[in-house]
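Here the structure is laid out as structure tokens; the discussion comes afterwards.
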Amino acid sequence: MTRVPKSHPRHKSLVTRETLVAAHRRGIAVLEGLIAHGRGEAWDYLLGEETSAPALVAERAAAAFLLTANRPVISVNGNVAALAARPVVRLAKAVPARIEVNLFHRTEARVGRIVSVLKEVGEADILGPRPDARIPGLESRRARCHREGIYRADVVLVPLEDGDRAEALTRMGKTVISVDLNPLSRTTLTATVPVIDELTRALSSIERFVRTLKASPSEAVRISRGYDRAGNLAANYAFIRWRLAELVRAARADGRTGGRRKR
Ligand code: PTJ
């Protein structure tokens, strides 16, 4: 892995990129995952690389839905295993939820490697190898899943998803919680609870809400019942409009001071 100097202004971003490249070389993440990451990071620049207030609302709702579920499952793909194996396992234990490895570019060898990554960080009970069911209406290899996992789940958390499966899972009547920085992706537009935030921030935030809400189950029920999907999406778009307006204002101020204004 290329060493990134601590003093680099984009240190965290470059380390994440190197982590993904290394995960690709180890056969965990696919090349397509590197492209997906770039797309996500571009959106994160626009969003200010912080969890927005509307994302926080969605993350609290996500925690409430996971806690009130009968059979919650967290789906893991190559990018998620590379960047967030530990947060996934922590969240799964906190809920508790099952973890299922489910890949778009599925090979049995990669499923096995991802299961090992998750086992290394402390989760022994992982579904993925030897699937015994299919998600109806999906042509891709992603349709292959476990009866005891995604197939029978009532709530599924699908970080960094492709839109097809999110749609197929909602058609099955499941509550689908997505994590996707793209506010316009088909996943975001079809998930029951779209979380528009960066993967590691979102998972940690959902876990924090899970830990708080666990102490008051009636509050979790109230939040899941009162969750307003359309209102939250609108708030996310309004947040982007506000961000852009701020950028316009800052650029104009820069112009007036000949670029001497501090950012
Ligand atoms: O490991 P596999 O075979 O299951 O493949 C995984 C990928 C990610 C390649 C596959 O699921 C895929 O093709 O996904 P998409 O359709 O590219 O969608 C991924 C979405 O995640 C995009 O909309 C990105 O903007 C978003 N994204 C990427 N990185 C992050 C992210 N969202 C949040 N946090 C990130 N770190």
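Ligands are counted one by one from 1 in listed order, and the atoms in each one are counted from 1 as well. Keep in mind that what you see is a predicted model, and the values were worked out from it rather than measured.
Summarising the local packing, CZ of Phe65 is surrounded by more than 12 heavy atoms from other residues, nucleotides or ligands at distances under 6.0 Å. No more than 12 heavy atoms of other residues, nucleotides or ligands shown are found within 6.0 angstrom of NZ on Lys119. The neighbour count for Glu50 CD, taken as heavy atoms of other residues, nucleotides or ligands under 6.0 Å away, does not exceed 12. Within a 6.0 Å sphere centred on CZ of Arg10, other residues, nucleotides and ligands contribute more than 12 heavy atoms. The environment of Arg165 atom CZ is dense: over 12 non-hydrogen atoms of other residues, nucleotides or ligands sit within 6.0 angstrom. For CZ of Arg86, the number of neighbouring non-hydrogen atoms (other residues, nucleotides, ligands) closer than 6.0 Å is 12 at most.
With no hydrogens or angles considered, a side-chain donor-acceptor pair links Glu41 and Ser13 at under 3.5 Å. Side-chain contact of Ser75 with Asn102: a donor-acceptor pair under 3.5 Å is absent, judged by distance alone. No side-chain donor-acceptor contact under 3.5 Å links Ser185 and Arg39.
Residue contact check: Gly40 has heavy atoms under 4.0 Å from atoms 24 (C), 25 (O), 27 (N), 28 (C) of ligand 1. Applying the 4.0 Å criterion to heavy atoms of Glu198 picks out, from ligand 1, the atoms 33 (C), 34 (N), 36 (N). In summary, the atoms of ligand 1 found under 4.0 Å from a heavy atom of Gly78, numbered by their order in the structure, are 1 (O). Listed by number with element, the atoms of ligand 1 under 4.0 angstrom from any heavy atom of Gly33 are 9 (C). Under a 4.0 Å criterion applied to the non-hydrogen atoms of His37, ligand 1 contributes the atoms 28 (C), 29 (N). The atoms of ligand 1 that sit less than 4.0 Å from any heavy atom of His105 are 3 (O), 5 (O).
Taking distance alone, with nitrogen or oxygen atoms compared against 3.5 Å, Val30 stays at or beyond that limit from ligand 1. Backbone and side-chain nitrogen or oxygen atoms of Asp180 are examined, and one is located within less than 3.5 angstrom of a nitrogen or oxygen of ligand 1. Backbone and side-chain nitrogen or oxygen atoms of Phe104 are examined, and one is located within less than 3.5 angstrom of a nitrogen or oxygen of ligand 1. Considering backbone and side-chain atoms alike, Leu181 places an N or O below 3.5 Å from some N or O of ligand 1. Among the atoms of Glu161, some N or O lies under 3.5 angstrom from an N or O of ligand 1. Considering backbone and side-chain N/O atoms, Leu83 never comes within less than 3.5 Å of an N/O atom of ligand 1.
The protein heavy-atom contact nearest to atom 34 (N) of ligand 1 is Leu199 N, 2.9 Å. The nearest protein atom to atom 12 (C) of ligand 1, hydrogens excluded, is given as Asp162 CB, 4.5 Å; this is a heavy-atom distance. The protein heavy atom nearest to atom 28 (C) of ligand 1 is Ala36 O, 3.1 Å. For atom 7 (C) of ligand 1, the nearest non-hydrogen atom of the protein is Asn77 ND2, 4.4 Å.
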side-chain contact (heavy atoms from CB on, under 4.5 Å) assessment of Arg113 paired with Arg26: CA-CA 9 Å; Arg113 282 192 287 269; Arg26 281 163 49 222; 5.9 Å; no
Verdict with reasoning, Arg243 to Glu246, per salt bridge (charged side-chain N to carboxylate O under 4.0 Å, His left out): CA-CA 5 Å; Arg243 269 284 297 164; Glu246 282 295 291; over 6 Å; no
Stepwise side chain to side chain donor-acceptor pair (under 3.5 Å) check, Ser205 with Glu59: CA-CA 7 Å; Ser205 169; Glu59 284 156 4; 2.6 Å; yes
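In this structure, atom 22 (C) of ligand 1 has a protein heavy-atom contact shorter than 4.0 Å.
Atom CD1 of Ile135 and atom CZ of Arg142 lie 8.0 Å apart (nearest 0.5 Å).
Nearest to atom 35 (C) of ligand 1 by heavy atom, out of Asp164, Leu160, Leu203, Val179, is Leu160. The heavy atom nearest to atom 33 (C) of ligand 1, out of those in Asn102, Leu34, Asp197, is found in Asp197. For atom 16 (O) of ligand 1, the choice among Glu41, Arg39, Glu32 with the nearest heavy atom turns out to be Arg39.
Using a 4.0 Å heavy-atom cutoff, Arg110 is listed among the residues neighbouring ligand 1.
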